[in-house]
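Here is the structure we will look at.
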Amino acid sequence: MAGLENWDQLTPRQRAVFFCCDGLKSNAKLASQKTQAIGICGQDIFDRYYLDNGNEARIKAAYDKRDPRLKQTIVTPYEPVDCFTAGLNGNENMIGKQLRWPLYLQGTSGGDFWLDKRTSAYYCYRKYVRFLKGELIDRQRCYTDFPLIRYTDVILQWAEALIELNEFTPAKNLIDQVRARAHIPGITIGDLDAMREAVRYERRVEFPVEAVNFFDEVRWGTYKETKSPGLRRGGGVHTPEPADNPEGRQPETKPFHIMVVEDTPDLREFLVKNFEDTYGVLSAKNGAEALAILEQQACDLIISDALMPEMDGFDLLMKVRNDEMLCHIPFILLSVVDSVDSKIKGLEYGADVYIEKPFSLGYVKATVESLLENRKRAFHHFASRPGFQYEKDDMGRNDRQWLDKLTGIVRENLTCETLSVDLLTEKMALSRSSLQRKLKGLTGVSPNEYIQLVRLKTAAQLLRSGEYRISEVCYLTGFSSMSWFAKCFTKQFGMRPKDFIRQNQDGKSSG
């Protein structure tokens, strides 16, 4: 917490020293409270951090620096609080109390804020509670027990859904709408992880003492396993495995999806079964059925038999290679025809590998793994370098032209507020799903992530030129925050912008 020395290095129990009331050292009447505090935080921590005169002011100042929305719900330590207590006739009387620790004064007015020490609700959540004349407010009848649907809750859940659909711009607008109510500046669009964290932060500060927080943390998989035995530390709620899974393995998201096209049911099922533990697997009984599936679902690699009814493997291969949206997909052709002419035909049509039947399953698996790993390396190689050049073997000519066109659209609109996935789909004359599938297949990233990547690569080129300051590059590439720009740049290229400049200057001088 800002303003508290070594807060991040202290344990929760040791941090208690910052919440102690003044006078524990000098006021003999507080000897038992002092003993209680030391018992929690430890004598050495108490001696080092406790301020006998100023401890209360320090923690209050730290709370004042936090998000202003928290003041609507969280009672700040050592700040006067208006409480209500019932009179004998059932009417309520307002009294002033203070959240002080350790407790030492019970007085009717001006005393300590006791929270759960009494049956009367000295504290009710400020966002909801209104006090009606003649009605006793207690824990059994507090208005916070009533079900509530809040406008902010709906808006932020809507933003969450949009983020998962890679709709970052409308999600940002919804989040900014919530922040504007508290007169807080809007957020900057980031990658998927940053946008998820942005909306989670909003929910945490909007509902800090409400039960919705617990369910949020559970569905996000961020609630600690030690507090809820039914949760996995890696995230998400634990779902019991079927009885035929003695190892109790958790389902995992598959990194790649492959398609098996084979007209013989037994062989198709054999291949699917042997790949489904490692990859997501689609299957089709002929080329026509495969094309229909490819129009709707993403695929990273195709394994196809050469000889099939309705549309054989050669025709499927030719259609894939002539389709701008599919031509990047690696293609393995299987055939019982073991002739040089057939192999030449397969390679001329654009097959990456030609394998004769009967085949070795181990060899097919190794081939699939090699092709996919090569694409993965190509993705990483392209993303981690500052420039926009592609290795010749990483991408075909048509794919390079397609990606160059998309990159040009992004770079022309870097400082435009309208730069979004919608703009890209309009300029490229594609549906959102088609753009997503093609770009993911070529680069391994979503359209929003690619926009961010182009921003950062352009920034690297501008910094390398030596003609612009970092602040100017930040603006020219569409970043509204210097700190966010530096964080994104460091994550992408492994060094801070100023270190990148220094490295390039050193390279020029040594050359």
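In this chain, residues are counted from 1 in sequence order. Note that the coordinates shown come from a computational prediction; the quantities given were computed from them, not determined experimentally.
Atoms CD1 and CG, on Ile332 and Leu301 in that order, are 4.5 Å from each other to the nearest 0.5 Å. Atom OH of Tyr49 is separated from atom CG of Leu4 by 10.5 Å, given to the nearest 0.5 angstrom. Rounding to the nearest 0.5 Å places CG of Leu406 at 8.5 Å from OG1 of Thr443. Between Phe256 atom CZ and Leu371 atom CG the span is 10.5 Å, to the nearest 0.5 Å. Within the model, atoms CD of Glu167 and OG of Ser420 stand 8.5 Å from one another, a figure rounded to the nearest 0.5 Å. Atom-to-atom distance recorded for Gln157:CD and Thr152:OG1 is 11.5 Å, nearest 0.5 angstrom.
Checking side-chain atoms of Arg15 against main-chain N and O of Trp7 turns up a donor-acceptor pair under 3.5 Å. Thr407 places a side-chain N or O within 3.5 Å of a backbone atom of Leu403 that can act as its donor or acceptor partner. The backbone N or O of Ile501 sits nowhere less than 3.5 Å from a side-chain atom of Arg464 that would complete a donor-acceptor pair. Put simply, the side chain of Glu449 gets close to the backbone of Ser446: a donor and an acceptor are under 3.5 Å apart. Counting only distance, with no hydrogens or angles, the side chain of Asn286 and the backbone of Glu289 share a donor-acceptor pair below 3.5 Å. Asn55 contributes a side-chain N or O that, together with a main-chain N or O of Val17, makes up a donor-acceptor pair within less than 3.5 Å. A donor-acceptor contact shorter than 3.5 Å links the side chain of Asp176 to the backbone of Ile187. Using modelled atom types, no side-chain atom of Arg496 and backbone atom of Thr490 make a donor-acceptor pair closer than 3.5 Å. Gln401 places no side-chain N or O within 3.5 Å of a backbone atom of Asn398 that could act as its donor or acceptor partner. A donor-acceptor pair is defined here as one N or O able to donate and one able to accept, closer than 3.5 Å; no such pair exists between the side chain of Asp323 and the backbone of Lys319.
Between Leu165 and Arg432, the shortest heavy-atom contact is O-NH2, 4.3 Å. Looking at every heavy atom in both residues, Ile155 comes nearest to Leu174 through CG2-O, 3.6 Å. Minimum interatomic distance between Glu202 and Ile175 (heavy atoms only, all atoms of both residues): CG-CG2, 3.7 Å. Closest approach of Arg375 and Leu442 over heavy atoms only: NH2-CA, 4.1 Å. The shortest non-hydrogen separation linking Gly313 to Phe331 is O-CZ, 4.0 Å. Minimum heavy-atom separation, Met325 to Ser434: CE-O, 3.2 Å.
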Worksheet item: side chain to side chain contact (heavy atoms under 4.5 Å, CB included) between Glu56 and Phe18: does it pass, once the steps are laid out?
Response: CA-CA 8 Å; Glu56 297 178 10; Phe18 295 113; over 6 Å; no
Practice prompt. Kindly indicate, with the supporting measurements, whether the criterion side chain to side chain contact (heavy atoms under 4.5 Å, CB included) is fulfilled by Cys488 and Leu456.
Written response: CA-CA 8 Å; Cys488 294; Leu456 293 168; 4.0 Å; yes
Worksheet entry | Chi angles and distances behind the side chain to side chain contact (heavy atoms under 4.5 Å, CB included) call for Leu476, Leu414 | CA-CA 7 Å; Leu476 289 171; Leu414 283 179; over 6 Å; no
Practice prompt. Would you please test Glu164 and Arg196 for side chain to side chain contact (heavy atoms under 4.5 Å, CB included) and show each step?
Written response: CA-CA 8 Å; Glu164 295 307 315; Arg196 282 175 174 168; 2.8 Å; yes
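A salt bridge does not link Arg400 with Asp404: none of the charged nitrogens is closer than 4.0 Å to a carboxylate oxygen. With respect to the salt-bridge test (charged N to carboxylate O, under 4.0 angstrom), the residues Arg321 and Asp352 qualify. For the pair Arg204 and Glu197, the salt-bridge criterion is met [side-chain N within less than 4.0 Å of a carboxylate O]. With salt bridges taken as basic N to acidic carboxylate O contacts below 4.0 Å, none links Lys440 and Asp300.
The shortest side-chain heavy-atom distance between Arg437 and Gln297 does not fall under the 4.5 Å cut-off. Using a 4.5 Å heavy-atom cutoff, the side chains of Leu424 and Tyr450 are not in contact. Using a 4.5 Å heavy-atom threshold, the side chains of Ile303 and Val261 count as separate. Gln436 places a side-chain heavy atom less than 4.5 Å from the side chain of Pro447. Residues Asn413 and Leu423 are in side-chain contact: their nearest non-hydrogen atoms beyond the backbone lie under 4.5 Å apart. Proximity of Lys457 to Gln492: side-chain heavy atoms (C-beta onward) are nowhere separated by under 4.5 Å. When side chains are defined from C-beta on, Ile258 counts as touching Leu372, because their heavy atoms get closer than 4.5 Å. The shortest side-chain heavy-atom distance between Leu192 and Phe168 falls under the 4.5 Å cut-off.
Looking only at atom types and distance, the side chain of Thr367 has no donor-acceptor partner in the side chain of Ser370 under 3.5 Å away. Counted by atom type alone, Glu160 and Trp220 present one or more donor-acceptor pairs between their side chains at under 3.5 Å.
Here the two rings, on Tyr475 and Phe479, have centers that are 6.0 Å apart or farther.
In Trp484, the CH2 atom is crowded: over 12 heavy atoms of neighbouring residues, nucleotides or ligands sit closer than 6.0 Å.
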